[in-house]
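Naming: A, B, ... by sequence-line order, numbering from 1 per chain.
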There are 2 protein chains.
Amino acid sequence: MKTNVSPDTTPPRGHEAKRVSIMDAAGEVFCRESFAGANIDMIAAEAGVSRQTIYNHHGDKEKLFVAIVRDLTERCNAGIFATISTFPDQPKDLEVDLIAFAVHMNRNCICNREGKFLRKLIQTEGERYPELFAEWREQGPGRTWPAIAARFARLAHAGFLDIDDPDVAARQFLALANAELQTTFMLGGTPSDDEVLQSATHGVRTFLRAFGKRQPAADAQKHSALAGA
Amino acid sequence: MKTNVSPDTTPPRGHEAKRVSIMDAAGEVFCRESFAGANIDMIAAEAGVSRQTIYNHHGDKEKLFVAIVRDLTERCNAGIFATISTFPDQPKDLEVDLIAFAVHMNRNCICNREGKFLRKLIQTEGERYPELFAEWREQGPGRTWPAIAARFARLAHAGFLDIDDPDVAARQFLALANAELQTTFMLGGTPSDDEVLQSATHGVRTFLRAFGKRQPAADAQKHSALAGA
DNA sequence: GACGAATTAGACAAGAGTGTCTAAATTTAT
DNA sequence: ATAAATTTAGACACTCTTGTCTAATTCGTC
């Protein structure tokens, strides 16, 4: 038993560095090539690590894959909750604030590296690992959707929006915010900042035409009058 | 040179039967297993055909794959245009008619066998075959989106809707109609009829709250008053 | 500098998949 | 019925990948 500073929770420094570089490379390669198309040598090369090291760390290809998905789910969830915490509970300008939120959500949770990887792995391998992706469904959408819906409910209760069903409204909000990015997502591309802003702007305007109060409670500015360009 | 009824366009009958059963099976297997994960023996078994016959018909695995994607693109396009032709240009009840259209589009173009297969193949292999999927993008979304937008433009011009940009409105219409099916699509599932109807109903109601005329031009029935249940 | 743990390169066996070939069997049309 | 075309089963060479093993080397720590 070592009486040292690092009992057992902290393996040598280089060890951890290899670990993350393996995770990084494996995410990249599994995403690009699919599970069957990826091979361990590719991952090893991309990680700058020998093949044997990967086997030392993760045992076999399937365990590695599962570890990647769990890791991505966790990191994406963290990003989503961080973003939800920027939701405009007391908006100064509802349209501007919701657009900012939508852009934020897109950039930090959906278009970023982890978001793209996780989405593609779920789409590609979801049917092959039912229990793994059931876990994702619970941990991911199962927790984030209600959290977003709760924010919209609060906004409605405070008189900023006219919403019947906050769960439906939340899903529609995100669907609208992404409406113009679907084709790009399909092909695995990453939309430009401008495309994200465009889609969010159009989406939020439509959302507010549907759910905005005719006369805003707190502010006299008219949102829907800005329709042109 | 045969002077017969079938010069060279119509090979023997059984030949064609094999061909379609190969296409069917290959779509199924490529979709389920991804290109790299699929193997020819699997496809042959599923098609009820010997491996050699597949090589006789298509040359190699990659050519077979390309043939499948082209075939699916064509068949999906046909379905989409057929569905677009049912768009309510002169609606009796705008909400009811648009819901029917949305359900129709979902059932016949997105949730059906070909739609699911094509979507998954694009998501999974899109990055590996840029030119093939560029072709899809032109033939598919490139032609169907404008066609749908044109229908909405006509509806707006006739005084049924208040739309600034028909292209944006068309994309948002479909995004809203599918808003509640996204998670199911992600995992490769097929939504039930009821889920499709729910999503379409909620989507169309929101769409009409955003783009509907306050007082319908042709009809005095109020749509948005049906909010309950 | 010396020790122990981790990493590395390389060889290796085992298995799986592709694409070809052949000879027999089956289908289709005449 | 007969001839041509197609399909079939099976064997085959070839390649690629996985996962293991070993011996040498590097790294972090004392």
NZ/NE/NH1/NH2 to OD/OE distance under 4.0 Å, Arg75(B) and Asp71(B): yes
Within residues 43-53 of chain B: residues closer than 4.0 Å to DNA chain C (heavy atoms): Arg51(B), Gln52(B)
Separation of Asp41(A) atom CG from dA9(C) atom P, in whole Å? 11 Å
Distance below 4.0 Å between Lys18(A) side-chain N/O and dC27(D) OP1 or OP2: no
In whole angstroms, how far is the C1' atom of dA4(D) from the CG atom of Asn56(B)? 15 Å
For the CH2 atom of Trp136(B) and the CG atom of Leu187(A), what is their distance to the nearest 0.5 Å? 5.5 Å
Between CD1 of Ile40(A) and P of dT17(D) the distance, given in whole Å, is 11 Å
Under 3.5 Å, side chain of Glu125(A) to main-chain N/O of Phe35(A), donor-acceptor pair present? yes
What is the distance, to the nearest angstrom, from the NE2 atom on His58(B) to the C1' atom on dG19(C)? 16 Å
Give a yes/no answer on whether the side chain of His57(B) brings an N or O atom under 4.0 Å of OP1 or OP2 in dT7(D). yes
In this structure, how many angstroms lie between the P atom of dT27(C) and the CZ atom of Arg19(B), rounded? 20 Å
Is there a donor-acceptor pair closer than 3.5 Å between any side-chain N or O of Glu33(B) and the backbone N or O of Phe30(B)? no
Atom CG of Asn39(A) to atom C1' of dC16(D): distance rounded to whole Å? 8 Å
Sorted by chain and number, sequence neighbours left out, salt bridge (charged side-chain N to carboxylate O under 4.0 Å, His left out) with Arg19(B) holds for none
Rounded off to whole Å, could you give me the CD-to-P distance for the Glu16(A) and dC27(D) pair? 18 Å
Could you tell me the separation between the NZ atom of Lys61(B) and the C1' atom of dT15(D), rounded to a whole number of Å? 13 Å
Quick one: which residue pairs count as a salt bridge (Lys or Arg N to Asp or Glu O under 4.0 Å) with a foot in residues 47-68 of chain A, not counting sequence neighbours? Asp41(A)-Arg51(A), Asp60(A)-Lys63(A)
